[in-house]
Amino acid sequence: MAITALCRICEPIAFMSIFPYVYHMVKDFNITNDESKISMYAGWVTSSFTLAEFLAGFLWGRLSDKIGRKPVLLTGMGGTGLSVILFGFAPSLPVALLARALGGILNGNMGVLQTTVGELVTVKEHQPRAYTVMPIVWCIGSIVGPMIGGTLAKPVDWIPTVFQPGSIWDRFPYLLPNLFSAMCVFFGLAVGFLFLEETHAEKKYRRDRGVELGRYLTSRLFGKNSCFRRRLRRGKNGEDQPLLGETDESLPGYRTADGSPELTSVEGPIMQKPLDLESTGEMVEAQSEKPERTFTKPIIFIIINYGLLAFHTMTLDSLLPVFLSTEPTGTHDSWSLPFKFADGFGYDTRTVGIILSIQGLYSMISTSFFFPRITGRLGALRLFQIISMSYPLLYFATPYFVLLPSSLRMAGVYILIIWKCTLATMAYPSNAILLINSAPSTLMLGTINGVAASIASLCRAMGPIVSGYLYTIGLRAGYCGMVWWFTAFVTIGASFLSFGITEPRGRFDGKEEIEEPVPAAGHSATTTDAVEPVAAGPTIAINLATRTTQRD
């Protein structure tokens, strides 16, 4: 999970870094003198990535089921790096759109990453904590990305002694933040190639020369007599037993076929024979039967709700920086409250970048502390339904924050940020848990998450386009709240649909059905038990004692 997080963090940095300056970048292209159209073109730039991701997301997910997760993830990171470099050199709107679309076509990592996390988690109780890792990583990227984008954009204006007028930084004023994003992407690409291990149930037994090279470099870097190497040796010799290491006696409830060839795993593949580490290098691929139907009714319903969630949250994410950057009109005579008014905050790129960075910081706090605890009490399904019912009020209230006095506007912006981040950090992980738990087989997770990612990408692409168009019309007509109220009606429909979601018995629930009672005195327990009941301390002691006695 740590290596996966290091690979993931580069993408939100690259994706979020454009938001503080995209409005000003489109304005500098000089394609229109109408200020109201700039927001529409900025929405096109944002949507070109997600629209292209929609076209390719399903293909990348299905490809990951055939060749493995790691090659697809590395390809996606390479595509992101190429995209941000081209975007930094974009001299016009068509080139900027092409660069963003290229990144979306080559990047199918959103669904594949969800699949990777789903394959790493083998215990249902670990899901609330495990599914906060990637959102936390995204939050960190949301802090760094806008800060870098807002600070490094137009460097000639704020450090003319270093970035001189007439230089390449003057010709391409948005190149510097994109170069920084590219460096982060290629760092993640190197980490993934050297240390990321395959998680596909069948492909993970194949030889990985990248991981072999990473282990060789690590051993050379730390040396044989280093503290790191001594700890590894102690773990193998049994002096310091790792909690979930490759020991002969695994904890009850954690025994799978991966740890012992004699055991039969409930969810994982069944190995036909033990792995021979002394062989010529050919690894045994696991065999597993695939269910006849991949997209069941519960999965389809969860994907629909995921798409609606992506639509309205992307509308808010893409339109909020534009709303913050829109210059105040100064003409209040035509206003007719409570609905007819048109205004903006008029913040510069640096201020918008700071606001978005604070948004990412709070999102990380909310994801880390609030989501696991609330999910443990309410469950993923009930929490998702409550969040869906809370969204309409948020969108209806958003445009009214611009009516606050100038002394209270910034405080109002941060209240809006906290409100929206709290809902988003709860909704996305809940939906992901519901989708993973409904999958009939781990061998189909790539295809299922690929389709979900494609649908979400299409909705994310449509969100900025529709919102940018409605925002432009609203400013012309004097109703800046038009787009927000339209989104509120969308979320009302989504909240009704959320009550159609059912949480079927999935692969984790299948374990509970075959759990056996605690062996009575004199009753034998064999070593072929797939899963033992995880109960209180005395029960565990009895099971371990019985197992040890038989082995002796």
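Values below: every heavy atom of this structure, side chains too, minus hydrogens, waters and symmetry copies. All values derive from a computational prediction rather than experimental measurement.
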Q.
Determine whether Ile492 and Phe489 satisfy the following criterion, side chain to side chain contact (heavy atoms under 4.5 Å, CB included), listing intermediate values before the conclusion.
A. CA-CA 5 Å; Ile492 291 175; Phe489 281 108; 4.2 Å; yes
(Q) Under a 3.5 Å distance rule, please check whether Ser430 uses its side chain to pair with a backbone N or O of Met426 as donor and acceptor. (A) yes
**Q.** Under 3.5 Å donor-acceptor, Arg377 side chain and Arg373 backbone
**A.** no
Q.
Is the shortest side-chain heavy-atom distance between Arg460 and Phe311 below 4.5 Å?
A. no
**Q.** Aromatic Phe401 / basic Arg409 pairing, under 6.0 angstrom, 45° off normal
**A.** no
Q | Phe499, CZ: over 12 other non-hydrogen atoms inside 6.0 angstrom | A | yes
Q: Give, for atom CG of Asn30 and atom OG of Ser92, the distance between the pair rounded to the nearest 0.5 Å.
A: 11.5 Å
Q: State, without any angle test, whether Thr351 and Asp348 hold a side-chain donor-acceptor pair at a distance under 3.5 Å.
A: yes
(Q) If I compare all heavy atoms of Gly81 with all of Ala182, which pair ends up nearest, and what's the gap? (A) O-CB, 4.3 Å
Q. So Met147 and Ile354, side chain to side chain contact (heavy atoms under 4.5 Å, CB included) or not? Walk me through it.
A. CA-CA 6 Å; Met147 188 178 299; Ile354 293 173; over 6 Å; no
Q | Minimum heavy-atom distance Met77-Cys7, with the two atoms named | A | SD-O, 3.4 Å
**Q.** Check: Asn178 and Phe89 side chains under 4.5 Å, non-hydrogen atoms
**A.** no
Q.
Ring centroids only, cut at 6.0 angstrom: are Tyr400 and Phe341 within range, meaning strictly under it?
A. yes
Q. If you measure from CZ on Phe15 to CZ on Phe49, what distance do you get to the nearest 0.5 Å?
A. 6.0 Å
Q. Hey, are the side chains of Phe29 and Tyr41 touching, using non-hydrogen atoms and a 4.5 Å cut-off?
A. no
Q.
With a 6.0 Å cut-off (strictly less than), is the heavy-atom count around CH2 of Trp44, excluding the residue itself, greater than 12?
A. no
(Q) Is the distance from the ring center of Tyr479 to that of Trp485 below 6.0 Å? (A) no
(Q) Measuring from atom OG1 of Thr151 to atom CH2 of Trp158, what distance do you get when rounded to the nearest 0.5 angstrom? (A) 7.0 Å
Q. With side chains defined as the heavy atoms from C-beta onward, is the minimum distance between Ile355 and Met410 less than 4.5 Å?
A. yes
Q. Does Gly79 offer a backbone N or O that forms a donor-acceptor pair with the side chain of Ser83 under 3.5 Å?
A. no
Q: List the atom of Ser363, the atom of Cys421, and the distance in Å for their closest heavy-atom pair.
A: OG-SG, 3.1 Å
Q.
Please tell me whether Phe19 and Tyr23 form a close aromatic pair, meaning their ring centres lie under 6.0 Å apart.
A. no
Q.
How long is the straight-line distance from CD1 of Ile387 back to OG1 of Thr491, given to the nearest 0.5 Å?
A. 12.5 Å
Q: Ignoring hydrogens and angles, state whether a donor on the side chain of Thr425 or Ser366 is under 3.5 Å from an acceptor on the partner side chain.
A: yes
Q.
Can you confirm whether Leu497 sits close enough to Leu308 that some side-chain heavy atom of one is under 4.5 Å from a side-chain heavy atom of the other?
A. yes
Q: Rounded to the nearest 0.5 Å, what's the gap from CG on Leu383 to CG on Leu434? Could you check?
A: 9.5 Å
Q) For Met1, does the CE atom sit with more than 12 other heavy atoms under 6.0 Å from it, leaving out its own atoms? A) yes
Q.
For the residue pair His312 / Tyr391, report whether a side-chain donor-acceptor contact shorter than 3.5 Å exists.
A. no
Q | Side-chain heavy-atom pair Leu394, Leu316 within 4.5 angstrom cut-off | A | yes
Q: Keeping the roles fixed (side chain from Thr326, backbone from Val322), state whether a donor-acceptor pair exists under 3.5 Å.
A: yes
Q: For the pair Lys420 and Asp317, evaluate salt bridge (charged side-chain N to carboxylate O under 4.0 Å, His left out) and give the outcome as yes or no after the intermediate values.
A: CA-CA 9 Å; Lys420 95 177 189 67; Asp317 288 338; 2.7 Å; yes
Q) Considering all heavy atoms of both residues, which atom of Pro321 and which atom of Val352 are nearest to each other, and what is their separation? A) CB-CG1, 4.2 Å
Q) Any side-chain heavy-atom pair from Phe384 and Ser498 closer than 4.5 angstrom? A) yes
Q) Would you say Leu175 and Trp169 make side-chain contact, with heavy atoms under 4.5 Å? A) yes
Q) Can you list every pair that meets salt bridge (charged side-chain N to carboxylate O under 4.0 Å, His left out) and has a residue in residues 135-151, with sequence neighbours left out? A) none
Q: Might you confirm whether atom CZ of Phe496 has over 12 heavy atoms from other residues, nucleotides or ligands at distances under 6.0 Å?
A: no
Q | side-chain hydrogen bond (donor to acceptor under 3.5 Å, both in side chains) evaluation trace for Arg69 with Ser64 | A | CA-CA 5 Å; Arg69 319 302 182 198; Ser64 73; 3.0 Å; yes
Q: Could you walk me through whether Val45 and Phe87 pass the side chain to side chain contact (heavy atoms under 4.5 Å, CB included) test, one step at a time?
A: CA-CA 10 Å; Val45 174; Phe87 189 74; 3.8 Å; yes
Q: Start with the C-alpha gap between Lys70 and Glu197, add the side-chain angles, then the distance that decides, and say whether salt bridge (charged side-chain N to carboxylate O under 4.0 Å, His left out) holds.
A: CA-CA 7 Å; Lys70 181 175 179 176; Glu197 297 184 4; over 6 Å; no
Q. For the atom pair CD1 (Ile501) and CD (Gln385), what is the distance rounded to the nearest 0.5 Å?
A. 6.5 Å
**Q.** Shortest non-hydrogen separation from Ala452 to Leu435 and the atoms involved
**A.** CB-CD2, 3.8 Å
Q. Which atom names give the shortest non-hydrogen contact between Tyr21 and Pro177, and what distance separates them?
A. CE2-CG, 4.0 Å
Q. Looking just at side-chain N and O atoms, do Thr313 and Tyr428 make a donor-acceptor pair shorter than 3.5 Å?
A. yes
(Q) Tell me if the centroids of the rings in Phe345 and Phe323 come within less than 6.0 Å of each other. (A) yes
Q. Can Gln359 and Leu320 be said to form a side chain to side chain contact (heavy atoms under 4.5 Å, CB included), step by step?
A. CA-CA 12 Å; Gln359 166 185 295; Leu320 183 60; 4.3 Å; yes
